[in-house]
Every structure is written in C-alpha cells, then in structure tokens.
There are 2 protein chains.
Amino acid sequence: MQYDINKFFKAISDPNRVKIMELLKDGELNVSEICKHFDMKQPSISHHLNILKNAEIVKDRKVGKEVYYYLNKICITNCCGTFQNRFAEE
Amino acid sequence: MQYDINKFFKAISDPNRVKIMELLKDGELNVSEICKHFDMKQPSISHHLNILKNAEIVKDRKVGKEVYYYLNKICITNCCGTFQNRFAEE
DNA sequence: TATATACATAGAAATATATCTATATGTTGC
DNA sequence: GCAACATATAGATATATTTCTATGTATATA
C-alpha cells in the first residue's frame, strides 16, 4: 500500500490529533470515549477523526450505534520510515 | 538535544518546505539558489526557511552577502524515529 | 561614500483550518 | 413506529497560515 505522505504530515501537524493517536495507542475507543479527554465539542472530534481516517492513520468499525476507531500502526511506521530514509546519510 | 516534535511536524506539513528540504539533501544552498526552484517571491521563501530553522530542521551560515542553508539531518532522524517508536508495537 | 546585491522583516490581503451550533442519519429498545 | 442515543454533516465564524508588496539591514564594490 502506498500512503500519501503529505496528507500524513498534515494530519499529525495538529497536537489534538496526535493526542487522539496517543489515546488509541493501546486499543480502540469509540467517539464518546475519545471526547471525554477533550474540551472540544463532539463535531470537532469527528472532524479530527475524519482527517486521521483520510490519511489512513486510523481505521474504524461500527458496532451498533457506536463507531470504534483504532490506529493503523503500519501507516505510521511506513510514513515516518519513508521520510526518514529520504534524508538519511547514505 | 531535544527537538520540539510538534514544531517539527508543523514545519514539514507544508509541501513547499519539504521541497526545500529535498533541495538541501545533497548539500547547502543559498537563498537565491533555493528561490530559482519556486514560483514564490523571495520573502515567502525566507518565511519558509525561517520556519524550518525554528524547528531546527535546517541551519544556516553567512558567507559575505549570502546565507547558506543546510539540513540538520540528525533532527529529521531523531523526530521521525521518536514518533515512530511512540506508536510501534512492543 | 554611493550604489548594487542578498536577504530579512513588517504589515496587508488571500486562503486554509479549527471550532462552534444546528441538524441529519443510523441504530436500539420500547 | 417513536423516542433516545451515538455519530456525522452543513454551514457560520474565529483563528492561523501563506503569500504578497514595500522597505530595512548588512555586505561588497566602484
């Protein structure tokens, strides 16, 4: 799979989104659970989740009324690795 | 040295700045030389260089009238590595 | 010293992004 | 089917970022 590295970096350039990623580090959470950790309103969280999802940093699965988000760790490893290699000394 | 990882990602979230980094990959360039590769005006380039410098992604040295910019590769390796590790499977 | 060159800084305008309120959609349980 | 709940979407507003023009500063040179 080929990730859009520019989308990736745009996504993680917001500390709120990195904080969401931190929350998902140890397993999936639904939107309400994520909201509890922020002062923002739910639609703002949805907006950030959508940006993360678009960058393929998170994926989601629906369970009844709830939507659980979880990290796509391979995307993170891949994008960081690719970028790092691009500027590494040979 | 401890880099500000949020500043780092904010800096590389703009494709123009990543392009500047690419240009500096194989050695230093002065501002005029960098400008030649863009449609932007010189003050805009200076602005981007300043953001990169603030994030410690580039450093500069003055040679007469010219200012040469060069990559601080250790910063790139360090920030990408740190971030990647933060979300890696253990 | 006056002029040209290279770059930086200030401030305005255009554009993009984040956040909010209001509301729509989909699911569950009565 | 209806009410309640979880989340998403629409659209407005606030804020941040990018880019520009105009100008300042430092260095080199005639």
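Below, read A as the first sequence line, B as the second, and so on, with proteins coming before strands; counting in each chain starts at 1.
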* To do: Starting from P on D/dA3, measure out to NZ on A/Lys65 and report it in whole angstrom.
  => 16 Å
* Structure fact -> Atom OH of B/Tyr68 and atom C1' of C/dC7 are separated, to the nearest Å, by 13 Å
* Asked: Which is it for B/Met21 and B/Leu71 under the side-chain contact (heavy atoms from CB on, under 4.5 Å) test, yes or no, and what are the steps along the way?
  -> CA-CA 7 Å; B/Met21 292 168 71; B/Leu71 276 185; 4.1 Å; yes
* Assess whether salt bridge (charged side-chain N to carboxylate O under 4.0 Å, His left out) is satisfied between A/Arg86 and B/Glu22, documenting all intermediate values. => CA-CA 8 Å; A/Arg86 216 153 124 199; B/Glu22 286 282 359; 2.5 Å; yes
* To do: Report the distance from atom NZ of B/Lys62 to atom C1' of D/dT27, rounded to the nearest whole Å.
  => 7 Å
* To do: Tell me what A/Lys10 touches on the nucleic acid: a base, only sugar-phosphate, or nothing, going by heavy atoms under 4.0 Å.
  => sugar-phosphate
* To do: Go through the N and O atoms of the side chain of A/Gln42 and the base of D/dA8, and report whether any donor-acceptor pair is under 3.5 Å.
  => yes
* Using atom NE2 of A/His47 as one end and atom P of D/dA8 as the other, report the distance to the nearest whole Å. => 13 Å
* Asked: When you check the phosphate oxygens OP1 and OP2 of C/dA8, does a side-chain N or O of B/Tyr69 lie under 4.0 Å from one of them?
  -> yes
* **Rounded interatomic separation in angstrom, taking NZ from A/Lys41 and P from D/dA6** => 16 Å
* **5'-most by nearest nucleotide on DNA chain C - B/Ser32 or A/Val63** => B/Ser32
* Asked: OP1, OP2 of D/dT19 versus side-chain N and O of B/Ser44: anything below 4.0 Å?
  -> no
* Across the strands shown, which category fits A/Ile51 at heavy-atom distances under 4.0 angstrom: base, sugar-phosphate, nothing? -> sugar-phosphate
* **Spacing of A/Asn50 atom CG relative to C/dT17 atom P, expressed in whole Å** => 13 Å
* To do: Compare side-chain N and O positions of A/His48 against OP1 and OP2 of C/dT17 and report whether any pair is under 4.0 Å apart.
  => no
* How many Å lie between CD1 on B/Ile12 and P on D/dT17, as a whole number? -> 16 Å
* To do: Answer yes or no: does atom NZ of B/Lys25 have more than 12 heavy-atom neighbours from other residues, nucleotides or ligands under 6.0 Å?
  => yes
* Structure fact -> When rounded to whole Å, the CG to C1' distance for the pair A/Asp14 and C/dT17 reads 9 Å
* Are the side chains of B/Val18 and A/Phe9 in touch, meaning some heavy atoms are under 4.5 Å apart? -> no
* Asked: Can you check whether A/Phe83 and A/Phe8 have ring centres sitting under 6.0 Å from each other?
  -> no
